[in-house]
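Here's the structure we're looking at; comments come further down.
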There are 2 protein chains.
Amino acid sequence: MIHRQLDAGSGIPLWAQLAEVLREEIEVGHFDERFPSEPELVELFKVSRSTVREAIRYLRSEGYLEARQGKGTFVVASESFDSLRSHRFSLAGRIAESGLEEVARLLWKGLVYDADLAKSLELSSDEFFLIERLRGSRQESFALERAYLPRVNPASFDCVDLTKAGSLYSVLQSGTGITVTAGSDEVSAAMPSEREASLLGIAEKDPVLVVERRAYSRHELVEFRRTTLVPARVRFRAEWGR
Amino acid sequence: MIHRQLDAGSGIPLWAQLAEVLREEIEVGHFDERFPSEPELVELFKVSRSTVREAIRYLRSEGYLEARQGKGTFVVASESFDSLRSHRFSLAGRIAESGLEEVARLLWKGLVYDADLAKSLELSSDEFFLIERLRGSRQESFALERAYLPRVNPASFDCVDLTKAGSLYSVLQSGTGITVTAGSDEVSAAMPSEREASLLGIAEKDPVLVVERRAYSRHELVEFRRTTLVPARVRFRAEWGR
DNA sequence: TTAGATTTGTGCGTATGTATG
DNA sequence: ACATACATACGCACAAATCTA
């Protein structure tokens, strides 16, 4: 078994030492069949249960472990890329930093038909309500946002102010009664189309960040959103540490 | 002040109830000038400090709060971009999905001198130990990784196997005794140089994702890493809710 | 510069609740 | 019904970082 001595006076917190030992064992594949229970770890490493739980909490937040009440703690199948695995990225931009007011300009809204999109989203109907907005400060734009809403009543959006920077979800909630419960985001890089470059005020040779979002309400897709961002004006940032 | 009664028998954990109350107050801007200290919240809501800390921990993980030892807890200025604020992005690629073995090829290691980099990192010396690796499966590469280590003994890396996919930090730890405690990542988009495109096996007109990492050991920079990724082969993905 | 107060971080102990098998 | 597992909640003490008098 493991049995590595933790050093209380090393300046490194006990839970961090324990997490490091466990992380190494996980990466070697030592716990693939079974991860020790909390009481077992308490006994093995001679620390309190709070310390064990703190270490496990950290490894969960890093994506190494997941826990199920009543069942146990399990190793998550490893991603290939070291420690870029599960940091919390947030969008940070000059607008937020400088405190400039953010504005959203409505470019277009209305029904569109897109068979390819419907197919990739596994939807039976190719009808979408499209909301296209340009976001930025008064001086410059940093994002072009296209939200595709399947199966909604276009009239729901007639009286809604879409120029506010606020969330589309509150609009969805108040306009249609739909509550978004889960979703996914995917970040990639791409080249802008001529129109995108023009709207964002960049050259066609400048690359952009693309975020694709799927939002669900009770396992049902309620929004597909593609946001095109200017990397010089806004970027994703994660801070991590103990 | 606040005073909302929490209900112990409601089925909802006390910390979650407290977090919800605090979140609402935060969004109204009630705590913009000062967020209550832990003992104050204990007194206000008549719960234990662990419960208070659990609620604050959650709000920190959601990006609403940040805490500094000795200073206090503070409301994070809301990012301009709705709800992309605190998702957990992890790198997902074809390699991990298909279960192919990941390999790392050492391209170069040795001392380099870069005054611009030293200046941007606010370092007095422009001497770096550079480790350049190409990562991918046997069939194709998906990332070019350049790690700049200031002030390390080059001999530390003589006997180390850098072709393993494993973390550089364990190398740092064993080779130099340095323990990485904190850091930040920033994701952007860029065009590859001729050499990068060639090494990654892509066209020069294909955009790439760029991740810049800063790693610290006790407030001291110990690594600056720039990773260039091929978006078609690997991307950042976050799932939320549920 | 120093000393003390304040605030979050770490770590211990205990007890009880809830989900699972 | 029972044992096992993690989740919640309480209390206490001291350490480390920060601010202030």
Side-chain angles (χ1 to χ4, degrees), chain A residues 4-22 26 31 33-62 64-76 239-242, chain B residues 4-22 26 31 33-61 64-76 179 181-182 216-220 242:
Chain A
R4 186 124 37 132
Q5 198 54 50
L6 305 182
D7 181 5
S10 68
I12 299 166
L14 282 178
W15 67 261
Q17 295 178 50
L18 175 56
E20 181 55 25
V21 172
L22 294 175
I26 288 167
F31 296 137
E33 63 173 44
R34 198 182 87 94
F35 191 83
S37 72
E38 293 174 358
E40 283 169 344
L41 291 172
V42 167
E43 179 57 31
L44 270 168
F45 290 93
K46 310 295 181 191
V47 291
S48 73
R49 187 164 168 226
S50 345
T51 303
V52 166
R53 281 183 65 77
E54 191 67 34
I56 289 177
R57 187 201 305 275
Y58 175 74
L59 291 172
R60 285 215 275 169
S61 80
E62 289 291 302
Y64 287 98
L65 295 176
E66 68 180 20
R68 305 248 178 89
Q69 186 173 176
K71 294 190 68 171
T73 304
F74 306 89
V75 173
V76 173
E239 305 201 4
W240 40 280
R242 245 183 14 226
Chain B
R4 186 111 48 115
Q5 198 52 49
L6 305 183
D7 180 5
S10 69
I12 299 166
L14 283 177
W15 67 261
Q17 296 179 49
L18 175 55
E20 183 53 25
V21 172
L22 294 175
I26 287 168
F31 295 137
E33 60 174 44
R34 198 182 87 94
F35 190 84
S37 72
E38 293 174 1
E40 283 170 346
L41 292 172
V42 166
E43 180 56 32
L44 271 168
F45 291 92
K46 311 295 181 191
V47 291
S48 72
R49 191 176 163 214
S50 349
T51 302
V52 166
R53 282 181 64 79
E54 192 66 34
I56 289 177
R57 187 200 308 274
Y58 174 74
L59 292 172
R60 286 216 274 170
S61 81
Y64 287 98
L65 296 175
E66 67 179 20
R68 300 259 181 245
Q69 186 173 172
K71 293 192 70 172
T73 304
F74 305 90
V75 174
V76 173
T179 306
T181 56
Y216 299 88
S217 179
R218 304 184 319 113
H219 304 293
E220 190 181 33
R242 235 168 320 194

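In what follows, chains carry the letters A, B, and so on, assigned in the order in which the sequence lines appear, proteins first and then strands, with residues in each chain numbered from 1.
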Item to check | Spacing between B:R68 atom CZ and C:dT10 atom C1', to the nearest angstrom | outcome: 18 Å
Item to check | A:K71 or A:K46, whichever maps to the more 5' nucleotide of DNA chain C | outcome: A:K46
Next on the checklist: Please determine whether the number of non-hydrogen atoms from other residues, nucleotides or ligands lying under 6.0 Å from atom OH of B:Y58 exceeds 12.
Outcome noted: no
Next on the checklist: Which heavy atom of A:V52 sits nearest to which heavy atom of A:L18, and what is that distance?
Outcome noted: CA-CD2, 3.9 Å
Close N or O pairs between protein and nucleotides 13-16 of chain D (under 3.5 Å):
unit_1: D:dA16; atom_1: O4'; unit_2: B:Q69; atom_2: OE1; d: 3.4
unit_1: D:dA16; atom_1: N3; unit_2: B:Q69; atom_2: OE1; d: 3.0

Checklist entry - Rounded to the Å, how far apart are A:R53 CZ and D:dA7 P? => result 5 Å
Next on the checklist: Strictly by Watson-Crick or wobble contacts shorter than 3.5 Å, is anything paired with D:dA9, and which nucleotide is it?
Outcome noted: C:dT14
Checklist entry - Do A:F35 and A:L41 touch side chain to side chain, with heavy atoms closer than 4.5 Å? => result yes
Next on the checklist: Distance check needed: D:dA5 P versus A:E66 CD, whole Å only.
Outcome noted: 18 Å
Item to check | Closest listed nucleotide, where the reference is the side chain of B:P39 and the choices are C:dT8, C:dT10, D:dC6 | outcome: C:dT8
Checklist entry - A:L59 has an atom CG; how far is it from atom P of D:dC6, in whole Å? => result 14 Å
Checklist entry - Is it true that a side-chain atom of B:E38 and a backbone atom of B:R49 form a donor plus acceptor pair closer than 3.5 Å? => result no
Next on the checklist: Using a 6.0 Å cut-off, check whether atom CZ of B:R34 has over 12 heavy atoms from anything other than its own residue.
Outcome noted: yes
Item to check | Rounded distance (nearest 0.5 Å) linking atom CD of B:E20 with atom CG of B:L59 | outcome: 9.0 Å
Item to check | Sugar-phosphate only, base, or nothing, as touched by A:S50 at under 4.0 Å among non-hydrogen atoms | outcome: base
Checklist entry - Mind checking what makes salt bridge (Lys or Arg N to Asp or Glu O under 4.0 Å) contact with A:K71, not counting sequence neighbours? => result none
Checklist outcome for this item: Separation of C:dT6 atom P from B:L41 atom CG, nearest Å, is 17 Å
Next on the checklist: I need the CD-C1' distance between B:E43 and C:dT6, as an integer number of Å.
Outcome noted: 16 Å
Next on the checklist: Can you see if the side chain of B:R60 gets near the phosphate of C:dG9 - specifically, an N or O under 4.0 Å from OP1 or OP2?
Outcome noted: yes
Item to check | Between P of D:dA17 and CD of B:E38, the distance in whole Å | outcome: 16 Å
Checklist entry - Whole-Å distance between D:dA9 C1' and B:R57 CZ? => result 13 Å
Item to check | B:T51 side-chain N/O to D:dC10 phosphate OP1/OP2 under 4.0 Å | outcome: yes
Checklist entry - Touch check for B:S37, heavy atoms < 4.0 angstrom, all strands: base, sugar-phosphate only, or nothing? => result sugar-phosphate
